[in-house]
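For this chain, numbers begin at 1 and follow the sequence in order. We count ligands from 1, going down the list as the structure has it; atoms in each ligand are counted the same way.
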Amino acid sequence: MPKILFVCLGNICRSPTAQAVFEDLLQPRNIADMVTVGSAGTSVYHAGEPPCDVMQRAAQRRGLEMSHLRARQVNPSDFERFDYIYVMDRANLQALLGMAPPEHHHKIALFLAYAPDLGPDVPDPYYGGRNQAERVFDIIEEGALALLEHLLKKEICP
Ligand code: 4NP
């Protein structure tokens, strides 16, 4: 099973939520040990910070803890290390394709590629309130499940 990196702009709202939600989906399926999950931002703006308050609170309302996560910027070794890189919106997809060597572009896709009814972009909750955070969390939960189902099929019958 693969190494998966989730990417947004700041790595404080959407991609740490995707990391926590995706890890939480692996647990009951007993595959958490087989998959490496990480997250990063295309920007360095919030490096070292924990996830934003609105998304942490939304996570806690769903019984998910992500206060241990710390933001970091994507670095060149990520393109070597990770097998799949999922980006939260088209602007950051373009930014990431600009950072990645062409031989790694095939690893990079939109997070909602397998949940097209929800996409293409996961909205940015940074300037929104509780309702926006809940909406974004719902999208990330559905998108993560669609992604996991796709990866399970692909890894078992590639
Ligand atoms: P994220 O949200 O990309 O989901 O982590 C944002 C975080 C910070 C900013 C924008 C979006 N910002 O402009 O600082």
Below 3.5 Å, can you tabulate the donor-acceptor pairs from side chains in residues 140-151 to any protein atom, sequence neighbours excluded?
{"from": "Glu141", "atom 1": "OE1", "to": "Arg62", "atom 2": "NH1", "distance (Å)": "2.9"}
{"from": "His150", "atom 1": "NE2", "to": "Tyr114", "atom 2": "OH", "distance (Å)": "3.2"}

Would you list the atom pairs, donor with acceptor, under 3.5 Å between side chains in residues 93-100 and any protein atom, with sequence neighbours excluded?
none

Using distance only, find each side-chain donor-acceptor pair of residues 39-46 under 3.5 Å and give its atom names and separation, not counting sequence neighbours.
{"from": "Ser39", "atom 1": "OG", "to": "Asn11", "atom 2": "ND2", "distance (Å)": "2.9"}
{"from": "Ser39", "atom 1": "OG", "to": "Gln19", "atom 2": "OE1", "distance (Å)": "2.8"}
{"from": "Thr42", "atom 1": "OG1", "to": "Asn92", "atom 2": "OD1", "distance (Å)": "2.6"}
{"from": "Ser43", "atom 1": "OG", "to": "Leu9", "atom 2": "O", "distance (Å)": "2.8"}
{"from": "Ser43", "atom 1": "OG", "to": "Tyr45", "atom 2": "N", "distance (Å)": "3.4"}
{"from": "His46", "atom 1": "ND1", "to": "Glu49", "atom 2": "OE1", "distance (Å)": "2.9"}
{"from": "His46", "atom 1": "ND1", "to": "Glu49", "atom 2": "OE2", "distance (Å)": "3.2"}

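Arg135 and Gln132 share a side-chain donor-acceptor pair at under 3.5 Å.
Using a 4.5 Å heavy-atom cutoff, the side chains of Pro16 and Met55 are not in contact.
Under a 4.0 Å N-O distance rule, the pair Lys3/Asp83 does not qualify as a salt bridge.
The 4.0 Å heavy-atom shell around ligand 1 contains residues Cys8, Leu9, Gly10, Asn11, Ile12, Cys13, Arg14, His46, Asp124, Tyr126, Tyr127, ordered by chain and number.
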